[in-house]
Colleague: 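This is the structure, below, for whatever I ask next.
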Amino acid sequence: MESINNEHMIALDIAYKIMTHSYERLMLSMMHPGGEQYNCLALLTYDRQRFSPKLLITLNGSGIHEGNRTVTPYPELYKNNKADLMERIARQFEIRLCDSPVRGCPAVSYLMKILELDSVTVLSAWYDGSYHSKLEDDAMNFPYYMWKNEKDFNKHMPWWLIRANG
């Protein structure tokens with residue numbers, strides 16, 4: 001996600017709002033479904049064994065997806081009326097959202113601040129694609145990443161990488 005793409009910031013703001021106002025605990029990650037033709041922010045649930053996608057927000061498109069349900073075009077809907085869009089997402093995807101935050105998400109808030117810089121790219125430590133999933137090379141090569149030898153992808157899901165551009 002590069003800060004020069006305003007839709008990425010919109011997608012992250014939508015994810016942040018859902019995560020902070022949802023009664024269900026959700027975690028943010030990235031996925032690359034559809035034969036890896038899409039880059040999506042993924043809101044994940046955890047059932048004490050593994051993470052599963054609850055909602056996908058496309059970064060190189062305009063849809064928010066869960067199964068065969070879609071809200072589109074979310075960037076335009078967001079710009080027109082963010083509150084209406086959030087109500088539509090809650091209703092269509094059956095997500096119970098409280099009027100006020102039920103939890104903080106300082107890591108996501110931090111990612112949003114980082115992405116205001118034009119000089120960085122933010123990516124998930126775990127690359128989750130249609131054809132292959134693996135630890136990102138930057139995480140594998142970072143000497144202080146404690147999970148680099150871990151094969152269980154669940155250990156990598158909460159981690160993000162911040163890469164300097166150029």
Colleague: Looking only at heavy atoms, what is the nearest atom pair of Cys40 and Thr58, with distance?
Modeller: SG-CG2, 3.7 Å

Colleague: Is it true that Val120 and Leu28 fall in one hydrophobic cluster, defined by side-chain heavy atoms closer than 4.5 Å?
Modeller: yes

Colleague: Quick one: closest heavy-atom pair of Pro73 and Glu76, and the distance?
Modeller: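 Looking at all heavy atoms of both residues, the closest pair is CB-OE1, 2.9 Å.
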
Colleague: Could you pull out the closest heavy-atom pair between Ser22 and Ile95, with the gap in Å?
Modeller: OG-CG2, 3.9 Å

Colleague: Residues two or more places apart in sequence or in another chain: which of them pass side chain to side chain contact (heavy atoms under 4.5 Å, CB included) with Arg25?
Modeller: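 Applying side chain to side chain contact (heavy atoms under 4.5 Å, CB included) to Arg25 gives Arg103.
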
Colleague: Would you compute the distance between atom CG of Leu77 and atom CD1 of Ile10 and round it to the nearest 0.5 angstrom?
Modeller: 10.5 Å

Colleague: CD1 of Ile64 to CG of Leu85: how many Å apart, nearest 0.5 Å?
Modeller: 5.5 Å

Colleague: Report yes if some heavy atom in the side chain of Trp160 is under 4.5 Å from a heavy atom in the side chain of Met30; otherwise report no.
Modeller: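 Counting from C-beta outward, Trp160 and Met30 do come under 4.5 Å.
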
Colleague: Hey, any chance Met140 and Met157 share a hydrophobic cluster, counting ILVMFWY side chains that come within less than 4.5 Å of each other, even indirectly?
Modeller: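 As far as the 4.5 Å side-chain criterion goes, Met157 and Met140 are connected within one cluster.
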
Colleague: For the residue pair Thr20 and Gly104, what are the closest heavy atoms and their distance?
Modeller: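 Scanning both residues completely, I find the closest heavy atoms to be CG2-C, 4.5 Å.
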
Colleague: Among all residues two or more places apart in sequence or in another chain, which pass the ring pair (Phe, Tyr, Trp, His ring centres under 6.0 Å) test with Tyr144?
Modeller: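 Expected list: Phe142.
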
Colleague: Is there a path from Met146 to Phe153 through hydrophobic residues (I, L, V, M, F, W, Y) whose side chains come within less than 4.5 Å of each other?
Modeller: yes

Colleague: What residues, two or more places apart in sequence or in another chain, satisfy side-chain hydrogen bond (donor to acceptor under 3.5 Å, both in side chains) together with Thr70?
Modeller: His65

Colleague: State whether the side chain of Gln92 and the backbone N or O of Ile89 hold a donor-acceptor pair below 3.5 Å, judged by distance alone.
Modeller: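 No; zero donor-acceptor contacts below 3.5 Å.
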
Colleague: So, the side chain of Ser130 versus the backbone of Gly35: is there a donor-acceptor pair under 3.5 Å, distance only?
Modeller: yes

Colleague: Start with the C-alpha distance between His32 and Gln37, add both sets of side-chain angles, then the distance that settles side chain to side chain contact (heavy atoms under 4.5 Å, CB included), and finish with yes or no.
Modeller: CA-CA 7 Å; His32 308 278; Gln37 63 182 328; over 6 Å; no

Colleague: Met112, Met27: one ILVMFWY side-chain cluster at the under-4.5 Å cut-off?
Modeller: no

Colleague: Go through Cys98 and Tyr23 one step at a time and tell me if the side chain to side chain contact (heavy atoms under 4.5 Å, CB included) criterion holds.
Modeller: CA-CA 7 Å; Cys98 185; Tyr23 288 100; 3.6 Å; yes

Colleague: Report yes or no: do Tyr145 and His156 form a side-chain donor-acceptor pair below 3.5 Å?
Modeller: yes

Colleague: Would you check if Ile14 and Ile57 make a side-chain contact, meaning some heavy-atom pair closer than 4.5 Å?
Modeller: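 The answer is yes, as the side chains (C-beta and beyond) meet within the 4.5 Å cut-off.
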
Colleague: Measure across Tyr74 and Ala11 and return the closest heavy-atom pair with its distance rounded to 0.1 Å.
Modeller: OH-CB, 3.4 Å

Colleague: Using side-chain hydrogen bond (donor to acceptor under 3.5 Å, both in side chains) as the criterion, list what pairs up with Asn141, not counting sequence neighbours.
Modeller: none

Colleague: Quick one: list whatever passes salt bridge (charged side-chain N to carboxylate O under 4.0 Å, His left out) with Lys82, sequence neighbours left out.
Modeller: Asp13

Colleague: Mind checking whether Val71 and Tyr78 sit in one hydrophobic cluster, side chains of I, L, V, M, F, W, Y counted as touching below 4.5 Å?
Modeller: yes

Colleague: Identify all side-chain donor-acceptor contacts of residues 42-56 below 3.5 Å with residues at least two apart in sequence or on another chain.
Modeller:
| from | atom 1 | to | atom 2 | distance (Å) |
| --- | --- | --- | --- | --- |
| Thr45 | OG1 | Ser52 | O | 3.4 |
| Asp47 | OD1 | Gln49 | N | 2.9 |
| Asp47 | OD1 | Arg50 | N | 2.9 |

Colleague: Roughly how far apart are Tyr16 OH and Leu111 CG, rounded to 0.5 Å?
Modeller: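 The distance works out to 11.5 Å.
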
Colleague: Looking at residues at least two apart in the chain, or sitting in another chain, which of them share a side-chain hydrogen bond (donor to acceptor under 3.5 Å, both in side chains) with Ser133?
Modeller: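 Partners of Ser133 under the side-chain hydrogen bond (donor to acceptor under 3.5 Å, both in side chains) test: Asp128.
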
Colleague: Below 4.5 Å, heavy atoms only, C-beta onward: do Phe93 and Ile18 meet side chain to side chain?
Modeller: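 No, their side chains stay 4.5 Å or more apart.
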
Colleague: Which pairs pass salt bridge (Lys or Arg N to Asp or Glu O under 4.0 Å) with one or both residues in residues 138-153, sequence neighbours excluded?
Modeller: Asp138-Arg163

Colleague: If you look at every heavy atom in Ala139 and Leu161, which pair is closest and at what distance?
Modeller: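 So the minimum-distance heavy-atom pair works out to N-CD1, 3.7 Å.
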
Colleague: Which residue in the set Leu59, Asn60, Asn39 passes side chain to side chain contact (heavy atoms under 4.5 Å, CB included) when paired with His8?
Modeller: Leu59

Colleague: Below 4.0 angstrom, N of the basic side chain to O of the carboxylate: do Glu66 and Arg69 qualify?
Modeller: yes

Colleague: Residues in side chain to side chain contact (heavy atoms under 4.5 Å, CB included) with Asn81, at least two apart?
Modeller: Ala83, Asp84

Colleague: Under a 4.5 Å cut-off applied to non-hydrogen side-chain atoms, are Trp159 and Trp147 in contact?
Modeller: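 In contact.
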
Colleague: So do His21 and Met86 actually touch side chain to side chain, heavy atoms under 4.5 Å?
Modeller: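 No - every pair of side-chain heavy atoms lies 4.5 Å or more apart.
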
Colleague: Go through the structure and list residues passing side-chain hydrogen bond (donor to acceptor under 3.5 Å, both in side chains) with Glu36, not counting sequence neighbours.
Modeller: Tyr127, His132

